[in-house]
Amino acid sequence: MRVSVFGATGSIGESTFDLLQRRDDIETVALTGGRNVARLAEQARALRAELAVTAHDDCYDALKEALAGSGVEVAAGTEALIAAAERPTDWVMSAIVGAAGLAPGFRALAQGATLALANKESLVTAGPLLMAEAARHSARILPVDSEHSAVFQALVGEDISQVERVIITASGGPFREWSKAALAKATLAEAMQHPNWAMGQRITIDSASLFNKALELIETREYFDLEPAQIEAVVHPQSIIHALVGFRDGAMMAHLGAPDMRHAIGYALNWPERRDLPVARLDLAQIGALSFEAPDPERFPALRLSREVMELRGHAGAAFNAAKEIALDAFIGGQIRFLGMAELVERTIDSLLSDSCLTDPVLALETVAAMDQMARQRARAIAAHMD
Ligand code: NAD
Ligand code: MG
């Protein structure tokens, strides 16, 4: 099998690299990264990749130098990233963070490759288009989010029309028990203290605000084609159950596992088979108890906003994600407060609702990109007047 990894130097990328390194029956085609060219070069050498691509033109020389004499081809920039996704391969890991992950995923599907999709933003911004593109090319999309991989696995051998509800779990993040007054003062360092998962900076903060869960509710709707009312999120602080599927007879199938993304990645890599994976086995007696609580939309408005976005559909997902990315940048940059992120996203959606094509059906990548840009501009303008 031939594989490519987009976003190889990130958290999901490193976990994918770890699994690939343990296999001698897989050929690596392309690896891509950002500014960490030293690590990208190391990975490319270790996996004997055909090609290494940095997303940044100004990193080309450094990458070229780091790979001198290795036989690995080097390229840089957005066009090169797209070209890399067109290189013949069987399996592509989509692990770039943010809306930038969308285009390479489309190209991978267009060549009929299996798309292992960690980049949830692809489904949030352009779900119907992405699913249609996969169908057109008879290509598979395999979910690589722990919750969605869990749902996918619980559905093996089942008929989706018999599904009554899907419940995805949320750890609740570091602020699960914080009051609204405390949340108003939450710092970046505090938001980075995820209780169970080690992840990239952006998704870690999104987990603290529950924006990550908000994206995942939309991701569930788009991937499994369910009605919003069928999709629920429940807080489960131990992160042992990743999701549950409820059927019309009242039975629920839960997926349990250690919080290690190598499970979801490995499942997608080995699908439809199962193979040994280097993940911890659960000791249920030691875990002792699993607990659940309802999420609080008052303290975590992201969940309420995602319900609105699921109902609106159209380009609302693209606007929601773009506004959220700007809000995240503004929080990381110290421009707005923690709770300001949800406020900014809500105000951006409201403002776009009144005077734009937010709810037009998503028919082309171009209109998704246009909404993405419009929402970013709008969010930046609103953020400039927030404290
Ligand atoms: P990360 O920040 O650790 O890594 C992101 C990768 O993308 C890096 O290789 C970086 O160089 C590259 N990248 C960033 N911006 C880019 C751009 N504009 N163009 C090209 N490349 C760019 O992120 P992560 O935590 O690995 O998350 C990756 C994706 O997987 C996200 O969509 C995230 O929501 C999803 N995801 C992550 C986890 C997790 O455990 N980390 C779990 C589920 C889903
Ligand atoms: Mg997840």
Side-chain angles (χ1 to χ4, degrees), residues 3-23 26-85 87 89 91-105 107-108 116-122 144-145 188-189 191-194 197-207 212 260-262 264-266 269 325 328-329 331-333:
V3 310
S4 289
V5 182
F6 287 76
T9 54
S11 167
I12 292 286
E14 285 288 1
S15 292
T16 308
F17 171 79
D18 177 75
L19 294 181
L20 293 177
Q21 237 192 346
R22 297 165 191 263
R23 297 275 292 263
I26 293 180
E27 283 171 56
T28 305
V29 179
L31 297 180
T32 86
R35 298 208 170 270
N36 191 354
V37 291
R39 182 58 188 152
L40 180 61
E42 238 168 55
Q43 292 180 331
R45 281 181 190 271
L47 295 177
R48 297 204 189 104
E50 283 177 27
L51 169 70
V53 185
T54 161
H56 307 282
D57 290 308
D58 58 334
C59 290
Y60 177 82
D61 290 343
L63 184 59
K64 184 90 189 156
E65 194 177 317
L67 282 168
S70 65
V72 179
E73 275 176 67
V74 171
T78 312
E79 300 281 299
L81 216 68
I82 303 283
R87 275 220 184 188
T89 184
W91 188 91
V92 172
M93 166 52 73
S94 167
I96 287 174
V97 63
L102 186 58
R107 299 307 169 101
L117 190 63
N119 180 266
K120 61 192 77 180
E121 296 89 345
S122 292
V144 181
D145 210 341
L188 177 58
M192 284 302 294
Q193 302 301 315
H194 197 283
W197 295 91
M199 307 180 286
Q201 185 196 39
R202 300 183 72 86
I203 184 174
T204 300
I205 301 167
D206 283 351
S207 298
N212 181 50
D260 182 335
M261 285 307 293
R262 290 178 303 177
I265 297 166
L269 185 63
E325 290 193 24
L328 191 54
D329 291 339
F331 174 66
I332 293 171

Here the gap from Glu27 atom CD to Ser4 atom OG, rounded to the nearest 0.5 Å, amounts to 11.0 Å
How many angstroms lie between OG1 in Thr28 and CD in Glu50, if you round to the nearest 0.5 Å?
9.0 Å
Quick check: do Leu20 and Val5 have side-chain heavy atoms less than 4.5 Å from each other?
yes
Hey, does the side chain of Thr32 reach the backbone of Phe6 with a donor-acceptor pair shorter than 3.5 angstrom?
no
Does the Glu121 side chain pair with the main chain of Gly98, one donor and one acceptor, at a distance under 3.5 Å?
yes
Strictly distance-based, threshold 3.5 Å: is any side-chain N or O of Gln43 a donor or acceptor partner for the main-chain N or O of Ala8?
yes
Between Thr9 and Gly34, which heavy-atom pair has the shortest distance, and what is it?
OG1-N, 4.0 Å
Just how far is it from atom OG of Ser207 to atom CD of Gln193, taken to the nearest 0.5 Å?
13.0 Å
Do Ile205 and Met192 have side chains that get closer than 4.5 Å, going by heavy atoms?
yes
Judged by atom type as modelled, is there a donor-acceptor pair below 3.5 Å linking the side chain of His194 to the main-chain atoms of Trp197?
yes
Mind checking the CD1-CG spacing from Ile96 to Leu102? Nearest 0.5 Å is all I need.
10.5 Å
When you compare the side chain of Arg35 with that of Thr54, does any pair of heavy atoms fall below 4.5 Å?
no
What residues form a side-chain contact (heavy atoms from CB on, under 4.5 Å) with Arg23, not counting sequence neighbours?
Asp25, Ile26, Leu269, Asn270, Arg275
In terms of heavy-atom contacts, Ser11 and Ala198 come closest through OG-O, 3.5 Å
Shortest non-hydrogen contact between Pro104 and Ala85, atoms and distance:
O-CB, 3.4 Å
Could you tell me if the side chain of Arg202 sits less than 4.5 Å from the side chain of Ile332, heavy atoms only?
yes
Got Asn212 and Lys120 here, is their nearest side-chain heavy-atom distance under 4.5 Å?
yes
Here the pair of heavy atoms bringing His56 nearest to Ala76 is O-CB, 3.7 Å
Run the salt bridge (charged side-chain N to carboxylate O under 4.0 Å, His left out) test against Asp18 and tell me which residues pass, sequence neighbours left out.
Arg22, Arg262
Step by step, would you call Arg39 with Glu42 a salt bridge (charged side-chain N to carboxylate O under 4.0 Å, His left out)?
CA-CA 5 Å; Arg39 182 58 188 152; Glu42 238 168 55; 2.5 Å; yes
Are Leu47 and Gln21 packed together at the side-chain level, in the sense that at least one heavy-atom pair is separated by less than 4.5 angstrom?
yes
Pairwise side-chain contact, Val97 with Ile203, heavy-atom cut-off 4.5 Å (strictly under):
no
Only one of Val53, Leu40, Val72 passes side-chain contact (heavy atoms from CB on, under 4.5 Å) with Leu63, and that residue is Leu40
Please tell me if the side chains of Val144 and Met261 come closer than 4.5 Å, counting only heavy atoms from C-beta onward.
yes
Rounded to the nearest 0.5 Å, what separates atom CD1 in Ile12 from atom CD1 in Ile265?
4.5 Å
